[in-house]
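Only one structure is covered here, and it is reproduced in the block below.
First the proteins, then the strands, lettered A, B, ... as listed; each starts at 1.
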Amino acid sequence: MEELPVQEVITSLSDALRSSGRALLSAPPGSGKTTVVPLQLLREPWLHGSILMLEPRRLAARAAASRMAWLSDEKVGQLVGYQVRLDRRVSKATRIEVVTEGILTRRLQQDPELQGVGLVIFDEFHERSLQADLALALCLDVAGSLREDLRLLVMSATLDTLSVSRLLGDAPVISATGKSYPVAVNYLERGPRERKISQEVVRVICQVLQKEEGDILVFLPGAGEIHATQAMLSERLDAEFLIYPLYGNLDSAAQDRAILPDPKGRRRVILATSIAETSLTIEGVKVVVDSGLARQPRFDPNTGLTRLVTLKVSAAAAKQRCGRAGRLGPGVCYRLWTQAVQSRLQPHMQPEILDADLSFLVLELALWGVGDAADLCWLDAPPAGAFAQARDLLQALGALNKEGQITAAGRRMAAVPAHPRLAHMLDKAGHSGQVGLAADLAAILSERDVLRKGPNTLNSVDIEDRLALLQRWRGRGRRELAEFGADVAACARVVSISRQLQKVVNVVAQAAGSPSRTLSPGVLLADAYPDRIARRRGSEQNSYLMSSGRAVGIPEGDSLSGEEYLVIPSLDAGRSEGRAFLAARVTPDQLRRFLGSQITFDSVITWESRSQSVVARKEERLGAIELSVAPLSDPDPAKMRKAMLDGIKSLGIEVLPWGRSVEEWRGRLLSLRHWQPDSFWPDLSDETLSAGLDAWLEPWLQGITRRDHLRKLGLKSILSNGLDWKQRQRMDQLAPTHVQVPSGANKRLGYQPGMSPVLQVRLQEMFGLMDTPRVCDGQVPVTLHLLSPAQRPIQITQDLRGFWERTYQEVRKELKGRYPKHYWPEDPLVAQATTRIRPGRGK
DNA sequence: CTCTCCCT
């Protein structure tokens with residue numbers, strides 16, 4: 001104990017704590033701070049009461065307690081004790097108690113004064129877990145008001161010491177050195193054709209095995225990369241090398257195999273996630289190969305879901321990984337990135353509080369009496385978006401009232417050691433006598449999956465398969481459990497957790513009640529996860545839409561494949577489609593019976609472009625999913641007309657029955673509007689009609705529900721509806737449909753908006769007329785298209801008089817040659833107009 | 001060839 005480097009700073013640390021009550025100890029791994037500091041400080045005369053030390057992991061808490069007990073020549077539970085979930089070793093004699101983070105929060109909530117405690121130590125604070133940040137905020141609150149004599153010590157390996165010191169009220173910073181061996185760092189470039197990280201890692205491992213001695217620890221981001229690397233590596237390496245995967249979801253027997261050195265002394269390659277960074281220590285490692293990647297959860301407050309992202313590690317994490325090669329003697333570290341990249345790494349990983357589901361934290365704060373996070377002091381305050389999402393969820397679960405204050409149900413939920421959703425489920429189950437099943441479900445969802453995953457195991461996300469394993473565990477089939485693909489250690493843990501939950505709920509529940517009804521797992525879970533009830537999407541076998549509107553897939557060939565309705569409590573949000581990890585069947589009838597208040601009935605009246613018609617249906621919905629559809633018996637006529645209008649808008653006004661006569665009528669009107677802009681002529685242009693559809697067309701759409709029905713519309717009478725009798729008279733007068741020509745025939749005028757109307761007429765029919773006919777009270781001359789007897793155009797003019805005077809004689813010569821039998825008088829103005837070959841003769 | 005880690 002005397003040799004440890006932290007000994008040198010104990011005196012100054014003690015002085016700092018005595019005088020200012022707060023201190024920050026910065027010491028790298030191997031300094032001995034976790035065991036030396038509590039034991040030494042316990043002897044200080046200024047300390048009144050016991051020491052409470054916080055560890056981020058159960059394993060670390062137990063290990064620290066037993067090491068300290070051993071150093072003080074005692075058994076654990078005497079002077080030094082510990083408490084983690086489901087395991088408590090303390091006695092009246094205990095003066096140093098090591099606890100995990102959740103335990104400290106519980107204790108603070110039950111006894112905010114922390115009676116009998118003189119010093120709280122936060123170990124490994126640089127990991128910045130959500131729980132540790134919360135615990136420190138609560139302790140600062142206590143030490144600032146109720147217990148001004150409570151001393152606080154924050155210990156960390158690498159940390160932004162300045163900001164922590166400021167948070168602690170400018171507490172003194174004490175630094176100690178570590179005791180570890182030097183590790184030589186090598187930076188490597190990625191090979192040109194190595195597209196996958198596993199290819200690169202395999203190449204480096206093969207080189208390193210030849211160059212260096214000792215076991216190799218390889219850091220990879222996740223299980224996928226580990227398995228890919230393992231497959232490639234086992235092809236390349238002889239059997240004399242041992243390859244072990246190591247990650248959290250691996251069962252504990254496999255984890256143990258990876259941690260301990262080979263008794264026969266064969267060389268080992270351990271392919272690990274960041275679990276080997278701090279949580280597990282592997283004996284005999286001399287070489288570290290670091291991919292530089294880590295997977296981290298990202299919580300999205302908009303969806304209430306978490307997804308995993310692969311990120312570059314922080315400089316601090318890379319240093320920590322490196323250090324794993326220098327525990328026994330000098331080591332080597334190979335980094336699969338360049339020095340240029342190294343200089344751009346983030347100094348620290350994002351603290352959990354900035355990227356996590358905050359529902360648990362917000363419930364704890366409400367129980368503490370704090371509705372606004374700003375009432376406490378934080379190193380990084382909880383983000384407003386996630387905070388608001390958590391408050392909304394807790395309100396929906398009945399844990400908070402509208403003002404954000406904790407309710408009676410919220411108090412009961414806070415006492416349940418599980419996620420607030422699961423606590424809510426347990427609380428409700430407590431009243432319906434279904435605690436056993438609810439506790440099993442909550443335990444399954446809180447702990448590692450009891451079903452092992454691998455090539456030869458059951459392919460299932462069905463939570464009922466897990467319940468069946470627990471049944472077997474409790475019954476006589478425990479021995480064969482492994483054959484059914486069970487992770488035996490995980491089963492044991494889940495069963496213990498379930499027992500603890502049942503106990504808590506039965507104590508807390510107001511009326512434990514007799515089993516009033518038998519609820520299915522799906523029903524219980526639907527109540528806790530109403531936003532994750534899912535319906536299969538159409539013809540897809542494995543794709544679902546959740547009530548929240550998000551898409552989720554289940555694995556192909558899963559035992560739940562093809563199920564119509566599921567509740568999906570556990571999933572990865574993914575980018576566009578999520579992936580389900582655990583799900584339960586549910587039926588629409590169950591949803592109606594137990595989630596009735598969340599089901600809505602919508603009358604949907606809408607244009608459906610597929611059938612080109614208005615559809616009116618009654619939809620029974622749970623959020624984004626549709627439980628049933630039926631035709632609407634008495635749809636609101638106004639909404640029907642509106643939907644038809646939407647259809648017409650989407651198709652464009654071309655779909656209306658524009659016949660020739662409507663177009664002609666509109667041409668006349670638009671022409672008048674052009675000639676008399678200040679008069680009352682309405683604007684019936686395409687643009688204006690399209691823009692004003694709702695006003696002019698809507699009243700006429702009664703009973704019109706399909707595109708075909710539009711033929712029935714009398715468009716001309718609809719459009720002329722805006723003109724009164726007098727205006728119509730005036731229109732006929734100013735823009736007549738026909739004019740009479742000298743031959744006596746009535747000729748149609750062709751109106752184009754903005755242009756003079758066109759009169760097409762054979763030249764012979766115009767003999768005797770001196771001037772161009774005019775419309776619009778004589779303001780607008782028509783445009784004459786003078787035609788030959790064969791209706792070929794001869795001349796276009798608005799000046800008939802000029803034509804007679806200047807052009808006629810020339811035209812006459814030509815026509816005479818081509819139509820010799822026809823009548824071509826020398827003086828057209830005195831000649832008689834005719835519709836025939838010559839005037840006065842028969843046909 | 002699929003899920004990082006941790007906690008009441």
Is a donor on one side and an acceptor on the other found under 3.5 Å between the side chain of A:Ser91 and the backbone of A:Gly77? yes
Any side-chain N or O of A:Arg298 under 4.0 Å from OP1/OP2 of B:dT4? no
Whole-Å distance, A:Arg107 CZ to B:dT8 P, equals 12 Å
Test A:Asp87 against A:Arg58 for salt bridge (Lys or Arg N to Asp or Glu O under 4.0 Å), laying out the working first. CA-CA 9 Å; A:Asp87 189 7; A:Arg58 294 192 291 267; over 6 Å; no
5′-ward residue of the pair A:Asp449/A:Glu101 relative to DNA chain B: A:Asp449
By the 4.0 Å heavy-atom rule, please label A:Ser129 as base, sugar-phosphate, or nothing. nothing
Contact class for A:Ile103 (heavy atom, under 4.0 Å): base, sugar-phosphate, or nothing? sugar-phosphate
Check every strand shown and say whether A:Arg85 touches a base, only sugar-phosphate, or nothing at a heavy-atom separation below 4.0 Å. base
Classify the nucleic acid contact of A:Pro56 as base, sugar-phosphate or nothing, counting any heavy atom under 4.0 Å across all strands shown. sugar-phosphate
Quickly work out the A:Arg411 CZ to B:dT8 P distance and round it to whole Å. 23 Å
Could you state the CG-P distance from A:Asp572 to B:dT4, rounded to the nearest angstrom? 10 Å
Would you indicate what A:Thr100 reaches in the nucleic acid, counting non-hydrogen atoms under 4.0 angstrom: base, sugar-phosphate, or nothing? sugar-phosphate
Is A:Arg58 close enough to B:dC6 that one of its side-chain N or O atoms is under 4.0 Å from OP1 or OP2 there? no
OP1 or OP2 of B:dT4 sitting under 4.0 Å from any side-chain N/O of A:Arg295? yes
Going by atom type alone, with no hydrogens or angles, which donor-acceptor pairs under 3.5 Å involve a side-chain atom of residues 435-448 of chain A and a protein atom two or more places apart or on another chain?
from: A:Asp440; atom 1: OD1; to: A:Arg474; atom 2: NH2; distance (Å): 2.8
from: A:Asp440; atom 1: OD1; to: A:Ser498; atom 2: OG; distance (Å): 2.6
from: A:Asp440; atom 1: OD2; to: A:Arg474; atom 2: NH1; distance (Å): 2.9
from: A:Ser446; atom 1: OG; to: A:Ala442; atom 2: O; distance (Å): 2.5
from: A:Glu447; atom 1: OE1; to: A:Arg493; atom 2: NE; distance (Å): 3.2
from: A:Arg448; atom 1: NE; to: A:Asp487; atom 2: OD2; distance (Å): 3.4
from: A:Arg448; atom 1: NH1; to: A:Leu250; atom 2: O; distance (Å): 3.3
from: A:Arg448; atom 1: NH2; to: A:Asp487; atom 2: OD1; distance (Å): 3.4
from: A:Arg448; atom 1: NH2; to: A:Asp487; atom 2: OD2; distance (Å): 2.7

Assign A:Ser446 to base, sugar-phosphate, or nothing according to its heavy-atom contacts below 4.0 angstrom with the strands shown. base
5'-most by nearest nucleotide on DNA chain B - A:Pro221 or A:Glu364: A:Pro221
Per A:Ala231 side chain, nearest of listed nucleotides B:dT8, B:dC1, B:dC6: B:dC1
Using whole Å, report how far CD of A:Gln83 lies from P of B:dT8. 9 Å
Whole-Å gap separating P (B:dT8) and CD (A:Glu352): 14 Å
For A:Ser274 and A:Glu277, indicate whether the former's side chain and the latter's backbone hold a donor-acceptor pair under 3.5 Å. no
For the pair made of CG in A:Asp357 and C1' in B:dC5, what is the distance, rounded to whole Å? 15 Å
Would you indicate what A:Phe360 reaches in the nucleic acid, counting non-hydrogen atoms under 4.0 angstrom: base, sugar-phosphate, or nothing? nothing
In terms of side-chain heavy atoms of A:Ile275, which of B:dC7, B:dT4, B:dC5 is nearest? B:dC5
A:Asp355 and A:Arg298: CA distance, side-chain angles, deciding distance, salt bridge (Lys or Arg N to Asp or Glu O under 4.0 Å) verdict: CA-CA 5 Å; A:Asp355 271 311; A:Arg298 285 283 174 273; 3.0 Å; yes
Per A:Val84 side chain, nearest of listed nucleotides B:dT4, B:dC7, B:dT8: B:dT8
d(CD, A:Glu447; C1', B:dC5) in whole Å: 13 Å
Given atom CD of A:Gln110 and atom P of B:dT8, what is their separation to the nearest angstrom? 14 Å
How is A:Ala228 classified with respect to the nucleic acid when contacts are heavy atoms under 4.0 Å: base, sugar-phosphate, or nothing? nothing
A:Arg106 and A:Glu364 ion-paired at < 4.0 Å: yes
